[in-house]
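First comes the structure, then the notes that go with it.
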Amino acid sequence: MARGIGFCHVIASIVVSVAACAPPRGTPPPTVVAANAPLVTWPTPSCQERAANLVAEMTLAEKVAAMTLPDTAQISRADITALAIGAVLTGAESLPADPTPARWLDTSNRVHDAAMRSGLRVPLVFGTDAIHGHNNVRDAVIFPHAVGLGCTGDPNLVEQVAGATAEAMFATGVDWTFAPMVAVARDERWGRTYEAFGEDPRLVGELTAASIRGLQGSPPGTGAHPVLACAKHFLADGGTVNGEDRGNAEPSERELRAVHLAPYAAAVEAQVGSVMVAVHRVNGRLMHQNKALLTDVLKGELRFGGFVVSNWAAIDELPGDDADRIASAIDAGIDMVMAPSSYQDFIATLRGLVPERIPEARIDDAVSRILAVKCELGMFTASARSRPPPSVVSSLRHRALAREAVARSAVLLKNDGVLPLPKTGHVLVAGRNADDLGHQCGGWTLGLVGGNGPLTAGTTIRQAIEQMVGRRRARFSLDGRGAGPGVTSVVVIGETPYAEAGGYIKQLELDADDVTAVRNAKKGGGKVVVVLVTGRPLPLDLVIDLADAILVVWLPGTEGGGVADVLFGDVPPTGRLSHTWPRTSGQIPINVGDTPYDPLFPFGFGLTYEVSAAKYEETDASGAGRLAVPARKMEDGSRGQTRPFGG
Ligand code: BGC
C-alpha cells in the first residue's frame, strides 16, 4: 500500500545519507548541515530590507520591547502601548475563565489595538500553544496528539490538520502557535512523548515540514489562513537521559546531528518562522546559553532566517544575576524572550546591558529577524483575507477531518479475528477511558494538564459506539463486569491526562483498575477487544493474552467516531507504530535500529483488515468540501496480516 513515508528509509535530503531507522554509531559526524541549508533566501530580501529600515528608525527602548514576550494575563494594554511590546502569548495556565472563540477574538483585538496605539505602530504577534487543534478554545475541535499523527505517516493529512488549526487560529485572531514539536522522542518515560511525531528522525522531519506548510502556508504568508509556526524545543529535548524533562541529553556529536538536528533541517527548509529553545542541558550545557548550537549551528550552518524565542520564564532559571542571565542568553542567540510576568525587569535589564555587555548590532539582528518574519506573514500589509467566523473552530468540516485523522492514527496490534465488529451484535463498552472526553484529549487541552469528563464539545468512544450500533445494543460498565457469552466487550483503558514534567514516569505500567476491567470482561465469556487511549506505548504483558484484539488509538481528541469507524470496519486500520513497543518498562529506551532489538512490536508495525464500504460522506453546513477516507483495500487482502516497514 502506498504511504506518505517509508518508515525505514534513507534521509535523502541529507547529503551524507543516514539510515533513519538505524541511529549510527562509531563513525564520524555527518556534515548534515551545509548540505541541508535552504537554497532560497528566507526571509526574502524585500522583507529583510523592510525590517532593516524599520530597525534604523527605532530607539533602543523600542528594540528591546520588540524582543519581549509577556503573557496576556500579566500585561495591561496600557503597558503594551507605552512600551511598544512586540509579542504576547496566552499560556496554557493563563486562560480566561470562559475561553470561548469570541473571547479569544476579543483578547486578540484588544492586544493588537494596544500595539497599534504605540508610537511605533508595528503589529504585535499574539501566540498560544495550539498543538492539537486550537486546544485552548472552548468547543474547538481537538485533533489527535502528534504521536497518533505520526502513526499515519501521512504528510498530506498532517498538513491538512495544521491548515485547519491555522484556520481556527485565524478566526480567533491568534497569529502564532508554539508548534510543531520537532522532538525525536527516544525514551517513552518522557512526559512529552505524545507531543512528538515519533522516535525516527526522518518521520519527524517529514511531518514537521508538513505541519509548518499547513500552518504558515508555502511559501510562508501565502495560503488562506497563514499563521506563524514555532519549531520546538531546540535541541534534543526528546533525547534526555531516562527521558527526564529538564534533564541532560548526552548524545555523541553524530547522534545529535543525525537524530535530533536532522528534523530541524527539514523545518528550516520548510521556512519555519520561529524556533523555541529547550529547557534542558545538552552534554551538560544549558540550551539557553548554548551559543554553539543556537548561533553557530541553527543560524549559521542551517541558515535559519527566522527568530529564536526562549522557553517559558527559562531565562530566570539560568545561573548568575539578572544581568548575567540575560547577557548570556542574548549572546547565545536568543532573539525574543518569553518573560510572562517579569517583562518590565527584563526590558530594564537588557537596556542597561547595551552596548557594554551586548553590542547593539546583536540587538539589531534580533529585532530584524522578528520584523522580517512579521513582514513575511503579511502583518505589514492590509489583509485582503476575510476572517472566518469564530464558530469555524467547531465546524463539521473540522470534525470530519479530525475523525479521519483519528481513524488513520489507530494501530491494530493484535486481532484473533474478532475485528471488525458487526454493527448488529451486542457490545459491552467498558473501562475508565470509554466515556471520558478529557481522557481522550490528553494534556494541553483547555489548560496545561487537560482534565476529566466533558471539558469541551465532542464525542466519547462510548457515545460513538452507541451511535454505531444503537443504544439498545451497547451497554456500559466501568469495571468490565456484566458481559455474557456472545457479547463482545470493548474495554477502553490506558493513561489519564498529564503534561510536561508531570508525565515523567520511571516505570511505565498499566493501571491496576484497567487490568481488572479487562479480566472482568474476559470472565464474561465473550470476546474482548482492548482499546488503548495512551500517549505512549505501555507494557501489555498483563492483558495481551486476555485480549482477542488490541487497538491503540493514542490520544484521539474530541472525535471518538474515528475509533468506532475502525472497530466496526467502516475504515480499515492503517496506522503503523511511530514508536517501538517495548515488552517491559525495563526495556526502555528501545528504538528502531538498536542492536539487540527484540521489542514486543517493532517500529512500523500495524495489522489491518479489509473493509468494503466507503465512509465519511459528511458535508460541512455550507455545503463546502467533503472529506473522504476512501475505504482502501489492503494490498495483502488479508485479515490481521502484519505489514512490514515501508511496505
Ligand atoms: C513549554 C512550551 C510552551 C511554552 C508556552 C513552556 O513551558 O515547554 O512547550 O510552548 O511553555 O506555553
Side-chain angles (χ1 to χ4, degrees), residues 4-5 11-14 18 20 32-43 127 129-131 146 149-150 155 158-159 161-163 165-166 176-185 192 195-221 223 226-239 256-278 287 293-309 311 333-336 369 372-373 376-377 578:
I5 294 172
I11 304 174
S13 58
I14 294 176
V18 176
V32 168
V33 186
N36 245 346
L39 298 175
V40 179
T41 305
W42 193 86
D129 291 278
I131 65 176
L149 295 180
V158 170
E159 189 172 335
V161 168
T165 304
W176 185 18
T177 174
F178 306 120
M181 181 137 118
V182 188
V184 181
R192 307 195 71 165
E195 295 179 60
F197 289 117
E199 69 181 31
D200 174 73
R202 182 173 190 268
L203 178 70
V204 174
E206 293 248 14
L207 299 187
T208 290
S211 176
I212 292 165
R213 289 195 299 270
L215 289 166
Q216 297 191 158
S218 181
V227 296
L228 173 59
C230 184
K232 72 184 187 185
H233 312 81
F234 191 83
L235 181 68
D237 49 349
L256 185 69
R257 286 171 175 267
V259 174
H260 299 289
L261 186 63
Y264 279 94
V268 173
E269 213 168 320
Q271 300 172 333
V272 70
S274 64
V275 168
M276 190 188 292
V277 185
M287 273 308 305
L293 289 175
L294 293 174
T295 297
D296 301 345
V297 173
L298 178 63
K299 292 179 174 177
E301 293 180 35
L302 284 187
R303 292 193 217 145
F304 168 60
F307 65 90
V308 173
V309 61
N311 210 305
I334 289 171
D335 302 307
M336 184 184 278
R369 286 170 174 272
V373 167
E376 290 294 352
L377 283 172
S578 59

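Computed from a predicted structure; not experimentally measured.
- Pairing each heavy atom of Ala183 with each of Ala196, the nearest pair is O-CB, 3.4 Å.
- Asn311 has its side chain within reach of His233: a pair of non-hydrogen atoms, C-beta onward, lies under 4.5 Å apart.
- When side chains are defined from C-beta on, Asp335 does not count as touching Val309, because their heavy atoms never get closer than 4.5 Å.
- Looking only at side-chain heavy atoms (C-beta outward), Gln216 and Pro226 stay at 4.5 Å or farther from each other.
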Verdict with supporting geometry, Lys299 and Arg369, side chain to side chain contact (heavy atoms under 4.5 Å, CB included): CA-CA 11 Å; Lys299 292 179 174 177; Arg369 286 170 174 272; 3.5 Å; yes

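- Lys232 NZ to Thr177 OG1: the interatomic distance, rounded to the nearest 0.5 Å, is 7.0 Å.
- One finds the CZ atom of Phe197 at 10.0 Å from the OG atom of Ser578 (value rounded to the nearest 0.5 Å).
- Within the 4.5 Å cutoff, side-chain heavy atoms of Ile334 are placed close to those of Leu294.
- In this structure a side-chain-to-backbone donor-acceptor pair under 3.5 Å is missing from Asp129 to Ile131.
- Looking only at side-chain heavy atoms (C-beta outward), Met276 and Phe178 come within less than 4.5 Å of each other.
- For the pairing with Val182, the side-chain contact (heavy atoms from CB on, under 4.5 Å) check across Ser211, Pro201, Pro263 returns one residue only, Pro263.
- Atom CH2 of Trp176 sits about 13.5 Å away from atom CG of Leu215, to the nearest 0.5 Å.
- Leu293 pairs with exactly one of Val277, Leu261, Leu256 by the side-chain contact (heavy atoms from CB on, under 4.5 Å) rule, that one being Leu256.
- A pairwise comparison of heavy atoms in Gly333 and Val308 identifies O-CB, 3.6 Å as the closest pair.
- For the pair Phe304 and Val272, the minimum side-chain heavy-atom distance is below 4.5 Å.
- With Pro219 as reference, Gln271 is the one residue of Gln271, Glu376, Arg213 to meet the side-chain contact (heavy atoms from CB on, under 4.5 Å) rule.
- Separation of atoms CZ (Arg303) and CD (Glu269) is listed at 11.0 Å; rounding is to 0.5 Å.
- Looking only at side-chain heavy atoms (C-beta outward), Ser274 and Val373 stay at 4.5 Å or farther from each other.
- Nearest approach of Thr208 to Ala267, heavy atoms of both residues: CG2-CB, 3.9 Å.
- Considering only heavy atoms from C-beta on, Arg192 stays 4.5 Å or farther from Asp237 through its side chain.
- In this structure, OH on Tyr264 lies 15.0 Å from CZ on Arg257, to the nearest 0.5 angstrom.
- In plain terms, the two heavy atoms of Pro155 and Ala210 that are nearest each other are O-CB, 3.3 Å.
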